[in-house]
Amino acid sequence: MKPEAKLDTKAKLDVAVRPLLESDIDAADRIMRLAFGTFLGLPDPTQFMGDADYVRTRWRANPDAAFAAEIDGRVIGSNFATNWGSVGFFGPLTVHPEFWDRGVAKLLMEPALHCFDKWGTTHAGLFTFPHSQKHVGLYQRFGFWPRFLTMLMTKEVATSNINARWTRFSELQSKDRTPVLAACRNVTDSIHDGLDLTNEIEAVARQNLGDTVLLWDVDTVTGLAVCHVGAGTEAGSGTCYIKFGGVRPGETAEHNFSHLLHVCEQFAASRNLARLLAGVNTARHEAYRWLLAHGFVTNMQGVVMSKPNEPGYNRPDVYLIDDWR
């Protein structure tokens, strides 16, 4: 393979932003790893995230919400938008370090914002580095404002003997999936008006990225957790990543959330995984406390930026796991 030609980065950039094509995925993946690894100061920036994968999984989840920036046919950056019903977020937004501070990130923001307009998103957001004024300042220009920290937390998988009824979405027959998806929407809508994880659940099932754990009270879904498992997913080898997990609000929410953490651990153990990975916004104080009590420790923290500058579902009474990376 020939090395990429170096361009004169002092010259005015003639950047085109367009849909990210399947043929662009390898280049976009390399740039994503190089950009984050360089920013974080890794000895080998290209090893960022190891064998975990964001670019391929998010492109396959929704190719119409994946965008590339290019110069003379060379991909130099990418961005992805995610649709959770009334909630939307974008990222990872990455630019080749050779083109940092040249306005490329601003150009990649625009199609993501168009997606939110098209989807009718009422609460949009992103996850970024709290110590980087450059990143915070960029997103503020587009109306996103920093709020509470989100903790990325891990724990070693241990034996869990909690007696709770749970099933896997993958176990359902085709005819049963539609009513269960409706039941999941009922749970998430009760947490935040219009919050809908259908796209995420179906993307995990379609790509065989892991599974969605369903927590039941008799014949009613009371909670769910969308989990990525192992290499080639957003988890990475040996890991169960709870990309989203939440329970219905109310008097039993704390009890059910505790059970959801335990059944996620049971699911991880059933797949012979060594650790759980989960994100929680510290504005969801009770959920954060439960993760600490359950043995999770913080490995990294970021800040959520929201548009409009409102809590959304980041409230103390909401028992929910997620991060908007």
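This is a predicted model, so every value here is computed, not measured.
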Inset, instruction - List the steps, then state whether side-chain contact (heavy atoms from CB on, under 4.5 Å) holds for Leu292 with Tyr288. - result: CA-CA 6 Å; Leu292 291 170; Tyr288 177 42; 3.9 Å; yes
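- Under the 4.0 Å criterion applied to side-chain N and carboxylate O atoms, Asp26 and Arg30 are not assigned as salt-bridge partners.
- Thr121 places no side-chain N or O within donor-acceptor distance of the main-chain N or O of Ser86, the cut-off being under 3.5 Å.
- Taking the side chain as every heavy atom from C-beta outward, Phe99 and Ile71 approach each other to under 4.5 Å.
- Summarising the geometry, atom CZ belonging to Phe148 is positioned 13.5 Å from atom CD belonging to Gln301; distances are rounded to the nearest 0.5 Å.
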Inset, instruction - For Phe48 and Leu40, run side-chain contact (heavy atoms from CB on, under 4.5 Å): C-alpha distance rounded to whole Å, both residues' side-chain angles, the deciding distance at 0.1 Å, then the answer. - result: CA-CA 9 Å; Phe48 174 76; Leu40 295 171; 3.6 Å; yes
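- Between Val297 and Met153 the shortest side-chain heavy-atom distance does not fall below 4.5 Å.
- With respect to Asp323 and Lys243, no salt bridge is recorded, no charged nitrogen being found less than 4.0 Å from a carboxylate O.
- A donor and an acceptor atom, one from each side chain of Arg168 and Ser270, are located under 3.5 Å apart.
- The shortest distance between side-chain heavy atoms of Thr222 and Val187 does not fall below 4.5 Å.
- Side chains of Val95 and Leu108 form a contact here, defined as non-hydrogen atoms less than 4.5 Å apart.
- Phe39 has its ring centre less than 6.0 Å from the ring centre of His131.
- Distance check: Asn256 CG to Trp216 CH2 gives 13.5 Å after rounding to the nearest 0.5 Å.
- Side-chain atoms of Thr233 come within 3.5 Å of backbone N or O of Ala235 as a donor-acceptor pair.
- Note: Asn79 CG to Leu107 CG = 11.5 Å, rounded to the nearest 0.5 Å.
- None of Glu254, His255, His262 except one satisfies the side-chain contact (heavy atoms from CB on, under 4.5 Å) rule with Ser258; the exception is His262.
- Here the closest heavy-atom approach between residue Leu276 and residue Ala268 is recorded as CD2-CB, 3.9 Å.
- Using a cut-off of 4.0 Å between Lys/Arg side-chain N and Asp/Glu carboxylate O, Lys155 and Glu265 are scored as salt-bridged.
- Residue Asp117 qualifies as enclosed at atom CG: its count of foreign heavy atoms under 6.0 Å is above 12.
- At a threshold of 4.0 Å, the pair Arg165-Asp219 does not count as salt-bridged, since none of the basic side-chain nitrogens sits closer than that to a carboxylate oxygen.
- In this structure, CG on Leu277 lies 11.5 Å from SG on Cys264, to the nearest 0.5 angstrom.
- Sorted by first then second residue, the salt bridge (charged side-chain N to carboxylate O under 4.0 Å, His left out) pairs that include residues 140-152, not counting sequence neighbours, number zero.
- Residues Val17 and Pro111 approach most closely at CG1-CG, 3.9 Å, considering heavy atoms.
- Hydrophobic clustering, with ILVMFWY side chains joined whenever heavy atoms are under 4.5 angstrom apart, groups Val247 together with Phe267.
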Inset, instruction - Mind running side-chain contact (heavy atoms from CB on, under 4.5 Å) on Leu152 and Phe127 for me, showing each step along the way? - result: CA-CA 11 Å; Leu152 301 181; Phe127 174 104; 4.0 Å; yes
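- Contact of the Glu70 side chain with the Val15 side chain is not registered, since no non-hydrogen atoms from C-beta on lie closer than 4.5 Å.
- The cluster map of Ile, Leu, Val, Met, Phe, Trp and Tyr, joined by side-chain heavy atoms under 4.5 Å apart, puts Val229 and Ile242 in the same cluster.
- Cys227 is not listed as a side-chain neighbour of Tyr241, based on a closest heavy-atom distance of 4.5 Å or more.
- Figure legend: Arg289 and Phe257 shown without cation-pi pairing, the cationic atom not lying both under 6.0 angstrom from the six-membered ring centre and within 45 degrees of its axis.
- Rounding to the nearest 0.5 Å gives a distance of 7.5 Å between CZ of Phe116 and OG1 of Thr82.
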Legend entry - Derivation of the salt bridge (charged side-chain N to carboxylate O under 4.0 Å, His left out) call for Arg325 and Glu234: CA-CA 10 Å; Arg325 284 181 293 166; Glu234 296 180 21; over 6 Å; no
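- When every heavy atom of His123 is checked against every heavy atom of Pro311, the shortest pair comes out as CE1-C, 4.1 Å.
- Taking hydrophobic clusters as Ile, Leu, Val, Met, Phe, Trp and Tyr residues chained together by side-chain heavy-atom distances below 4.5 Å, Leu93 does not share a cluster with Val87.
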Inset, instruction - May I have the step-by-step check of salt bridge (charged side-chain N to carboxylate O under 4.0 Å, His left out) for Asp101 and Lys134, ending in yes or no? - result: CA-CA 9 Å; Asp101 304 319; Lys134 180 176 76 171; 3.5 Å; yes
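- Arg248 approaches Val221 most closely through the heavy-atom pair NH2-O, 3.0 Å.
- A donor-acceptor pair shorter than 3.5 Å can be found between the side chains of Asp322 and Tyr313.
- With Thr154 as the partner, the side chain to side chain donor-acceptor pair (under 3.5 Å) test is satisfied by one option alone out of Thr298, Thr239, Asn299: Asn299.
- Within a 6.0 Å radius of CZ in Arg18, more than 12 heavy atoms belonging to other residues, nucleotides or ligands are found.
- Ring pair Tyr139/Phe90: centre-to-centre distance below 6.0 Å.
- How far OG1 of Thr46 is from CG of Asp44: 3.5 Å, rounded to the nearest 0.5 Å.
- Here the options are Asp211, Asn208, Thr212, the test is side chain to side chain donor-acceptor pair (under 3.5 Å), and the partner is Ser170; only Asp211 passes.
- Leu214 places a side-chain heavy atom less than 4.5 Å from the side chain of Leu172.
- Enclosure of atom CD in Glu251 is not indicated, since only 12 or fewer non-hydrogen atoms of other residues, nucleotides or ligands lie within 6.0 angstrom.
- Counted by atom type alone, Asp196 and Thr188 present zero donor-acceptor pairs between their side chains at under 3.5 Å.
- Between Asp72 and Arg74 no salt bridge is recorded (no basic side-chain N to carboxylate O distance below 4.0 Å).
- Val136 is not listed as a side-chain neighbour of Ser132, based on a closest heavy-atom distance of 4.5 Å or more.
- Separation of the Trp84 and Phe244 ring centroids falls under the 6.0 Å cut-off.
- Evaluation of the ring pair (Phe, Tyr, Trp, His ring centres under 6.0 Å) test over residues 157-185, restricted to residues two or more places apart or in two chains, returns none.
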Legend entry - side chain to side chain donor-acceptor pair (under 3.5 Å) assessment of Trp59 paired with Glu22: CA-CA 8 Å; Trp59 184 86; Glu22 188 169 12; over 6 Å; no
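- Annotation for Thr198 and Arg185: closest pair OG1-NH1, 3.1 Å, computed over non-hydrogen atoms.
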Inset, instruction - May I have the step-by-step check of side-chain contact (heavy atoms from CB on, under 4.5 Å) for Leu34 and His96, ending in yes or no? - result: CA-CA 7 Å; Leu34 176 64; His96 193 293; 3.6 Å; yes
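- In this structure, Ala203 and Leu209 approach most closely via the heavy-atom pair O-CD1, 4.1 Å.
- Partner of Asn314 under the side chain to side chain donor-acceptor pair (under 3.5 Å) criterion, chosen from Arg284, His285, His192: Arg284.
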